[in-house]
Amino acid sequence: MENVYNPLYLPATMQIRSVADFPRAEEEILKEWEEKKIFEKVREKNRGKRRFIFLEGPPTANGMPHMGHALTRAVKDLVLRYKSMNGYEIYPWIAGWDCHGLPVEIEVEKKLGINSKREIEKFGVKEFNRLCRESVFKYRDEWIKMSKRIGFWIDFNRAYVTMEDYYIESVWWALKNIYEQGLLVKDYKVVPYCPRCGTPLSSHEVAQGYRETKDPSVYVKFKVKDEDAYFLVWTTTPWTLPSNLLLAVGEDIDYALVEYEGERYYIAKARIKEVLGEAKIIREMKGSDLKGKRYERLIPYVPVEHDAFYVTTADFVSTEDGTGIVHIAPAFGEDDYLLCKREGVPLIKPVNEEGKFTDTPWKGMFVKDADPHIIQWLKEQGKLFRKGTVKHTYPFCWRCDTPLLYYALDTWYILMSKKRDDLLRNNESVNWKPEHLKHGRFGNFLEDVKDWALSRNRYWGTPLPIWKCPSGHVFIPGSKKELLANVEGEIPEDFELHRPWVDDITVKCPVCGAPMKREPYLIDVWFDSGSAPFAQFHYPHENEGDFKNAFPVDFITEGIDQTRGWFYTLMAISTLVFNRAPYKNVLTLGLILDEDGEKMSKSKGNAVDPMDVMNNVGADAMRLYLYASPVWKSRRFSENLVREYMQRTIYTLWNVVQFFKKNAELDGYRGEIWEIRNELDMWLLSRLNTTIKDVRRYLDSYDIHLATRAIERFIDELSNWYVRRSRRRFWREEMSDDKRSAYTALFTTLRTLSLLMAPFTPFFAEIIYRETFGPKESVHLEDYPVADDGMIDERLEEEMNVAIRIAEAGRRARQIANVKLRQPLRMMQISCDDKYARIVEKFLDVLKEEVNVKDIRVGPISGMSQLSLRINYRSLGPRLKGDLKKVVEYLKGMDVEEVARKIRDGGLEILGHTLGPEDVEVYEKPLEGVQAVEVEGLPVVVYLDTNVDEELRLEGLAREIIRRIQTMRKEMDLDYDAKIRTRYEAGGSLKKAIERFRDYIMEETQSVSLDRLHVEEEEDKEGYHKDWVIEGEKISIWISPS
RNA sequence: GGGGCCGUAGCUUAGCAUGGUUGGAGCACCCGGCUGAUAACCGGGAGGUCGCCGGUUCAAAUCCGGUCGGCCCCA
């Protein structure tokens, strides 16, 4: 470090005079960072050094950024700045934008005032997608503004963009790779589907739309073939009954054939009471016994050409509700579909893509509307057992409120289930923070990973790059070039890898030469962002080296909701394509709640805009607050909480800087480094270095809150112990060795603190840096401080701790005795052993001042304490077990002196147990009394002599007078070092006190004269005047600048 | 319906893995003190059935089982 200190360096615009000035100063610093290109310089500084690979999770910029986004940015920035200051080249350190997906389409539909696929087609896909492209960046400026304001350093100019051809090309390459492994296949799959929007919905869209609803609850009778009995079956979706093909029972579930109101029914035993109440059991059997039984079709309209209508077993059958016999309609339930696939029963689907029947008497009717008609039909046919309604949660389209259908669709999907073991193995190499996610939420998810439904029947997204010819040959280009090489005819000038361009071109089959048609799907938008590790580099088409150097990623962090979003898709794609984990460290972030612990949401109106907080309190304050508790836990947040926190951290430190500045200006201190020769200074520097060590350790393990608390604690110690204790050392007129030592310690501490805090509070750190380093460019170009073990003195820290505790005890004694601190006392005696005696000796002056006593004595004290017992349960418990309580009770009833003697003499026998000195500790307890106070947790007792003699009383009065003169000085707004003339009018004790402590008063108040006036000398009563009453006596004081 | 996390003072939290004397802090509150860092500071006080119930144990905030509540994810 250079020893140059220039207190005038900080520009006026960055000066802070009150809490309110912080946001403005931050804006100034932002401006200066831009002008001086500090971020670029930081990157330049570390270019070519060891890399720390970071991947930005791309936000979708067609929504406004909120508090949760601010949190991710704050956390990312902290980690990256920390690593950067440690000499890592953060790589690639670029932003990213997620561009595709249904939300964008919906935004555009709204703008156009349309809301169906038909209308989009009519409007024109080309123009529609052009509008989508525009809409994607609707809020990009807001995002960049918020990110910059919070101090997040990342390269926005080179951001990766998922909708650009280069990015899509890389995604295509991955898809081709997956296809070639035989893992990308097309099949029917049952997906949640909005019949009105005409598309399947992604799982997280579905999750948004669950709500309570009423549905019919019907019990129907399936006639058993060649037997006078029925299978009793329950469903809430009567419209699926015409498509019934099988019934399912649980293999190990107990069933019964019962007689009820003259008919015979099969039903799960456990459901009899609930469904039928009383019923006569004729025969019992297991589910497996029912397997293979045939039944007569319930609603016989849709042609069925294969074998069906029999009972089989399935593990999803339960007896939680219904009858334990489940109706299976493979077109409308995932379980149903998979079961029929297993049984080799092809599905029937008498429902079109608009959710209307295409067959049956209800043809043309929306399925949900058909429910009552079907129930009526069943009733007429005598096939209805009972009908009612049920309340349950059911998914609705979050956008148009149409009930979703589970619906079998032609779908491309990735056979993730085949990669299950690889996923689990790769997950093992990841460091999850918090750790429980690894085998908890995330691990469990991988354990029963589902195949990935990849295709989407929409418009704005990465097109599925699969072309087929009539003979069934498949062409799947891994790049634009490969595609265009196989195109027949003209390629439009404005060709891009989106619909409709990819649909409009004609590809010639590489095998048979026939024209090929593209499979008309997009892919799940999550596949886009999950491809970011390689697609951001346009790998493998370009930048192979860049990618290889940046994979796997060292660090990612996003909200906990990404566990099954981005964290998963990254892992999935990386496992498919590279068969290794894509990241090494994942830090997840909890939800930000409002002041009352409720989830923030726009509709509730309780959302806090991060920009408001930063403009009102400051980005640093907000950052530090966010860092202060475990980032992975959900936390409450409000501007007030931020303000409160900043007042005891940033603002407190700011006051220390002010204190330093004022004194340095008065003394002409210029950052000289002198010898440290004072215990307090040594202690401060020891604590400083210990703090550096702690902060580094915690940041290395991503325990951000622990690092933050280490800083918080240090600021408290610096302000409320070091400066408070050292204040007077800075006031003395000349530069003494002690003062030099103090300056050196405080100065070193502040400048080191600016470095230490730079990743946390980048703006405030910059200010302190300017204040303490003078005309250097930026704190962010410095290296992160390394603890100097030579400066750490654990014993000293421990001892100081003891001294602080003893001082507290002394003050407590005063309080109990009701003697105010300004009143000097003669003596404090401290009862302790040699170890503590040495500590007291060491900090004698500190203690005297803190407790305001003339003298302190150490050593054993007699006559002021009594013997007492302390029972060691830890040693007695295991030995005495059940007798413990009795023994303790007995012991408490004994005379203490006697117990002490017996213990000392080799043993105390109670109820057949021998207790030794380890079991019962005898110690001296202070007598009930105002002067004696135990130091908590230490074998130290202080005894305060609270007698006030005449001399002490006068000194106390002198200090009262000094305080009042100081108050007046302050009210006159005098400079620190301004000299004054002081006159007074008083009699009695006050006059005596002034005469006795005249020099002392003059020195403390910087008075060049201190004279008594007589009432008649009116002309001398000039200057600032005040009358006071001290301990019942009156005094008048006049002050004028000399 | 399934899985996960969390529940300690009004708020933010430590302690919990490895059970042990009286569950620690900070903010806010009340009382007192201090007064040239002052939207501070120092001392004290009040505030806790450690979500609830049960179990294990001489001993449970801590271990086990259940339950309630919050949140997240999945259906």
Side-chain angles (χ1 to χ4, degrees), chain A residues 18-20 192 203-204 206-207 210 318 320-321 334-335 392-393 395 406 434 436-437 439-445 447-448 450 559-565 588 590-591 593 595 597-599 625 628-630 632-636 638 640-641 643-645 647-648 651-652 654-663 705 709 712-713 716 719-720 723-724 727 731 807-816 818-823 850 852 870-888 921 936 959 962-964 966-967 969-970 974-977 1004-1006:
Chain A
S18 75
V19 177
S203 52
H204 93 269
V206 177
Y210 275 93
S318 81
E320 298 275 326
D321 49 23
E334 194 183 357
D335 285 338
H392 63 163
T393 55
Y406 286 85
H436 60 77
L437 289 170
H439 296 120
R441 188 184 288 202
F442 194 73
N444 288 344
F445 185 63
E447 288 276 352
D448 52 27
K450 299 257 161 56
I560 180 81
D561 51 317
Q562 295 300 330
T563 317
R564 291 168 193 201
T588 66
L591 214 68
L593 308 172
E595 207 164 7
E598 303 256 351
K599 195 175 170 175
Y625 176 80
S629 48
W632 47 80
K633 283 175 84 167
S634 59
R635 275 126 4 108
R636 295 178 187 217
S638 77
N640 279 334
L641 290 167
R643 184 171 284 124
E644 220 170 61
Y645 187 68
Q647 250 164 37
R648 67 171 196 273
Y651 189 67
T652 302
W654 178 245
N655 281 330
V656 174
V657 174
Q658 291 312 295
F659 173 83
F660 166 78
K661 248 178 93 171
K662 275 182 193 164
N663 285 290
H705 63 297
R709 287 196 196 142
E712 188 186 327
R713 179 183 158 190
D716 182 64
S719 167
N720 293 329
V723 173
R724 191 160 63 81
R727 203 155 35 182
W731 290 349
E808 283 170 1
R811 282 191 298 258
R812 206 174 313 139
R814 276 180 167 275
Q815 177 113 356
I816 295 165
N818 204 14
V819 183
K820 57 173 121 174
L821 194 54
R822 214 182 287 124
Q823 175 62 59
E850 279 288 310
N852 194 15
R870 203 175 270 144
I871 296 156
N872 187 354
Y873 289 89
R874 202 191 277 265
S875 76
L876 281 176
R879 238 168 60 217
L880 272 56
K881 302 256 159 101
D883 282 350
L884 183 68
K885 275 182 189 154
K886 277 183 263 171
V887 170
V888 169
E921 189 194 338
E936 223 173 293
R959 288 187 62 163
I962 290 168
R963 203 214 95 203
R964 283 161 176 80
Q966 301 287 35
T967 303
R969 280 184 66 108
K970 207 171 149 191
L974 292 176
D975 283 344
Y976 289 88
D977 50 352
E1004 288 293 313
T1005 60
Q1006 310 215 49

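To find a chain, count down the sequence lines: A is the first, B the second, and so on, and within it residues start at 1.
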Nearest-nucleotide pick for [X], side chain only, options being [options]:
X      : options             : answer
A:N444 : B:C72, B:U13, B:G3  : B:G3
A:L591 : B:C11, B:C41, B:C72 : B:C72
A:N720 : B:A37, B:G3, B:C72  : B:A37

[N] to [M] separation - [atom1] atoms, rounded to the nearest Å:
N     : M     : atom1 : value
B:C16 : B:G10 : P     : 23 Å
B:A14 : B:C30 : P     : 28 Å
B:C27 : B:A39 : C1'   : 15 Å
B:C58 : B:G1  : C1'   : 44 Å
B:A28 : B:C11 : P     : 16 Å
B:A25 : B:G47 : C1'   : 15 Å
B:U12 : B:G55 : C1'   : 33 Å
B:G20 : B:G3  : P     : 31 Å

Using purine N1 to pyrimidine N3 plus N6-O4 or O6-N4 for Watson-Crick, or N1-O2 and O6-N3 for G-U wobble, each under 3.5 Å, what pairs with [N]?
N     : value
B:A25 : B:U12
B:G1  : B:C74
B:U62 : none
B:C30 : B:G44
B:G7  : B:C68

Given the side-chain rings of A:H436 and A:W632, with only the six-membered ring counted for Trp, is the space between their centroids under 6.0 Å?
no

Measure from [atom1] on [X] to [atom2] on [N] and round the result to the nearest Å.
X      : N     : atom1 : atom2 : result
A:N655 : B:U35 : CG    : P     : 19 Å
A:Y625 : B:U12 : OH    : C1'   : 7 Å
A:Q562 : B:G4  : CD    : P     : 21 Å
A:L437 : B:G3  : CG    : C1'   : 13 Å
A:N640 : B:C27 : CG    : C1'   : 12 Å
A:K633 : B:C11 : NZ    : P     : 13 Å
A:Q658 : B:C41 : CD    : P     : 16 Å
A:Y651 : B:A37 : OH    : C1'   : 9 Å

For the pair A:E1004 and A:R959, find out whether any cationic side-chain nitrogen is under 4.0 Å from an anionic carboxylate oxygen.
no

Run the salt-bridge test on A:K450 and A:E334 with the 4.0 Å N-O cut-off and return the result as yes or no.
no

With RNA chain B as reference, determine whether A:E334 or A:R963 sits nearer its 5' end, using the nearest nucleotide of each.
A:R963

Closest to the 5' end of RNA chain B, once A:R648 and A:V656 are matched to their nearest nucleotides, is A:R648

Just how far is it from atom OG1 of A:T1005 to atom CZ of A:R964, taken to the nearest 0.5 Å?
14.0 Å

Once you round to the nearest 0.5 Å, how far does CG of A:L641 lie from OH of A:Y625?
4.0 Å

Mind checking whether A:S719 and A:N655 have side chains closer than 4.5 Å, heavy atoms only?
no

Base, sugar-phosphate alone, or nothing: which one does [X] contact when heavy atoms must sit under 4.0 Å apart?
X      : answer
A:E808 : sugar-phosphate
A:R811 : sugar-phosphate
A:S629 : sugar-phosphate
A:Q966 : base
A:H436 : sugar-phosphate

Side chain of A:R713, backbone of A:R709: donor and acceptor closer than 3.5 Å?
no

Do [X] side-chain and [N] base share a donor-acceptor contact under 3.5 Å?
X      : N     : answer
A:R441 : B:C72 : yes
A:S719 : B:A37 : yes
A:R724 : B:A37 : no

Between A:E712 and A:Y645, does any side-chain donor sit less than 3.5 Å from a side-chain acceptor?
yes

State whether A:Q647 places a side-chain N or O below 4.0 Å from either non-bridging phosphate oxygen (OP1 or OP2) of B:A40.
yes

Side-chain N or O of A:R727 closer than 4.0 Å to phosphate OP1/OP2 of B:A37
yes

